[in-house]
2 protein chains.
Amino acid sequence: MTQSTWGNDMAPKKTVPLRDKQITRRRLISAVGSLLAKKGFKGLGVNAVAREAGVDKVLIYRYFDGLPGLIAAFAQQEDFWPSTLEMAGGDLAQFSELPLDEKLALFAASFIQALKKRPLTRAIMAWEMIEPNELTEELERVREESIMAFFQMFFAKDRTGIDLQALVMLVGAALSYLAIRADNIDVYGGLDLATDQGWDRIASAVNMVIHHVIPPA
Amino acid sequence: MTQSTWGNDMAPKKTVPLRDKQITRRRLISAVGSLLAKKGFKGLGVNAVAREAGVDKVLIYRYFDGLPGLIAAFAQQEDFWPSTLEMAGGDLAQFSELPLDEKLALFAASFIQALKKRPLTRAIMAWEMIEPNELTEELERVREESIMAFFQMFFAKDRTGIDLQALVMLVGAALSYLAIRADNIDVYGGLDLATDQGWDRIASAVNMVIHHVIPPA
DNA sequence: GACATATGTCACCAGTCGGTAATATAACGC
DNA sequence: GCGTTATATTACCGACTGGTGACATATGTC
């Protein structure tokens, strides 16, 4: 990016580069974000990112050692994946005292909300499905760790005798799939993915399943 | 593709083009399939398809009016989506007489098998998630119709009072997601996606849910 | 045989991609 | 002022993309 040193009076053809490494870095990082949100991971190349940032692409190599490095930097500073706290509904202590079925229901509702407000996360999840590379593998690893830690913390020592882990992951998989699809289609198998009412119906169905599988104490 | 007119005795440098439109068309169509299975929809371009078919890319334009036309021709002749019969386990009459919970369980098992043996379908499903275009929309429409027809035929007039449609679609979404992920990763949330045992566990969890939600009569 | 048509190959185009070297300019120390 | 370093731009490279026109060869008809 360049900026004019003078006003418009002198009709200055020359512009003055900013020459601020930190600002340039931030420009590039946020360009990844906006580009990812706008186009998805399609067209996420050095040229496009540099264009979006208004900066020369060579700086991607100088500051980040290439596009993977830049994307890694982007991923680090983004909360692209919901935290344990968020998946627990915002209050860990309170969450831990809930009966099992309510824990699961709260988790499902929180997970829906978390996905709904993260278009970038949905884009990255879609990305992971079709282009495995060293970056998506890293994001993958972080996510697997996070979700396993969450599961261990709250569901590990159940004595219901049912496969709680498989149940949680099935719900997570279904919600992930529907959230991603919602970016492309309005209806899936008759389910309305475009409106809040449609998602309320989905959440209700999940709750119904949970409360049938785990009868309240 | 070319083939030698003589044996190897004359050391023939020249090869003779086949000059059979139907064969060439088939070569191109099947090249789309194998390329889709090998690389997914990434690198599914005119150049790559022509290379895979061993044919010049200009024929794609001449015979199919471009890549979309070729892909449409490919999609028409493929059973890329399981039929109602297949989703019912192979015997419609028998299926229709099962109690509801067993219907659902059989559907889930059949759906898993159907996805497992269709790498192209998985690739296309992944494609639909990120690149909506006129082709994927068509496939989408076919699929939505098919799945709704199946649902209507067997589950419409339930009187359990629960949201059966949402339940079926949740299961379908979860299984679709896991099947697609299985092409990229071996483990999802602790679930083993790479082995038959892992999928048995998933199927068991689905059955568990079904039988809890819909108690056998 | 001659000719027209169907089929296939080749060569090229402009555009984009990831990547790099050479250069210009700003900022800072002296 | 001078020189050095940090920052950014320009210009280019080879490879690939989708797409097209000119050409070559085989097939079928008369």
Side-chain angles (χ1 to χ4, degrees), chain A residues 1-6 12-32 35-36 38-74 127 131 133-135, chain B residues 1-6 12-32 35-36 39-74 131 133-135:
Chain A
M1 190 52 168
T2 59
Q3 75 180 11
S4 176
T5 302
W6 306 277
K13 281 191 166 59
K14 283 308 228 184
T15 54
V16 173
L18 271 180
R19 308 225 167 223
D20 184 317
K21 182 174 180 175
Q22 289 313 314
I23 290 181
T24 301
R25 285 180 58 102
R26 276 197 296 270
R27 297 187 77 91
L28 282 169
I29 290 177
S30 80
V32 171
L35 209 54
L36 210 47
K38 263 191 288 185
K39 316 265 185 176
F41 54 90
K42 294 289 291 180
L44 190 67
V46 282
N47 295 293
V49 171
R51 240 189 328 265
E52 176 78 18
V55 144
D56 195 273
K57 63 178 172 181
V58 78
L59 302 180
I60 295 175
Y61 297 97
R62 244 206 288 278
Y63 294 155
F64 300 98
D65 230 46
L67 190 57
L70 170 57
I71 299 182
F74 161 79
W127 190 11
E131 227 180 8
N133 56 41
E134 73 277 354
L135 170 65
Chain B
M1 189 52 166
T2 60
Q3 76 180 11
S4 175
T5 302
W6 308 277
K13 280 193 167 60
K14 281 311 226 183
T15 55
V16 174
L18 271 181
R19 304 217 173 232
D20 184 317
K21 183 174 180 175
Q22 289 313 314
I23 289 182
T24 300
R25 285 179 59 101
R26 277 198 296 270
R27 296 188 78 91
L28 282 169
I29 290 178
S30 80
V32 170
L35 209 55
L36 210 48
K39 317 265 185 177
F41 54 90
K42 292 288 292 180
L44 190 67
V46 282
N47 295 293
V49 170
R51 245 193 321 270
E52 176 78 18
V55 144
D56 196 273
K57 63 179 171 180
V58 79
L59 301 180
I60 295 175
Y61 297 97
R62 235 180 267 176
Y63 294 155
F64 299 97
D65 230 47
L67 190 57
L70 171 56
I71 299 182
F74 161 79
E131 228 179 5
N133 55 42
E134 74 278 356
L135 170 64

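Computed from a predicted model, the values in this text were never measured in an experiment. Within every chain, numbering begins at 1; the chains are lettered A, B, ... in the order of the sequence lines, protein sequences first and strands thereafter.
Atom-to-atom, OH of A/Tyr63 to C1' of D/dT9 comes out at 12 Å; the value is rounded to the nearest Å. In this structure, the OH atom of A/Tyr61 is 5 Å from the C1' atom of C/dG19, given to the nearest Å. Note: CD (A/Gln22) to C1' (C/dA27) measures 16 Å, nearest angstrom. Distance CD1 (B/Ile71) to C1' (D/dG18): 13 Å, rounded to an integer number of Å. The CD1 atom of B/Ile23 sits 14 Å away from the C1' atom of D/dA26 (whole-angstrom rounding). Here D/dT7 presents its P atom at 12 Å from CZ of A/Phe64, a figure rounded to the nearest Å. A straight line from CG of B/Asp56 to C1' of C/dT7 spans 11 Å, rounded to a whole angstrom. Remark: C1' of C/dA24 and CG of A/Leu59 are 14 Å apart, rounded to the nearest angstrom.
In this structure, the separation between CD1 on B/Ile29 and CD1 on B/Ile71 is 11.5 Å, given to the nearest 0.5 Å. The line from CD of B/Glu131 to NZ of B/Lys42 is 8.0 Å long, rounded to the nearest 0.5 Å. A distance of 5.5 Å separates CG of B/Leu28 from CZ of B/Phe64, quoted to the nearest 0.5 Å. Between atom CG of residue A/Leu36 and atom OG of residue A/Ser30 there is a gap of 12.0 Å, rounded to the nearest 0.5 Å.
Look at B/Thr24 and you won't find any side-chain N or O under 4.0 angstrom from OP1 or OP2 of C/dT7.
Listed by residue number, the members of residues 43-52 of chain A with any heavy atom below 4.0 angstrom from DNA chain C are A/Gly45, A/Val46, A/Asn47, A/Arg51.
Checked against D/dT20, D/dT9, C/dT7, the side chain of B/Lys57 finds its nearest nucleotide in D/dT20. Closest approach to the A/Lys21 side chain among C/dT9, D/dT10, D/dT7 is made by D/dT7 (side chain taken as heavy atoms from C-beta onward).
For the pair B/Ile23/B/Arg26, a side-chain contact is recorded, criterion being any heavy-atom separation below 4.5 Å from C-beta on. In this structure, B/Leu70 and B/Leu67 have side chains that are in contact, with non-hydrogen atoms separated by less than 4.5 Å.
Looking at every heavy atom in both residues, A/Ala31 comes nearest to A/Glu52 through CB-CG, 3.7 Å.
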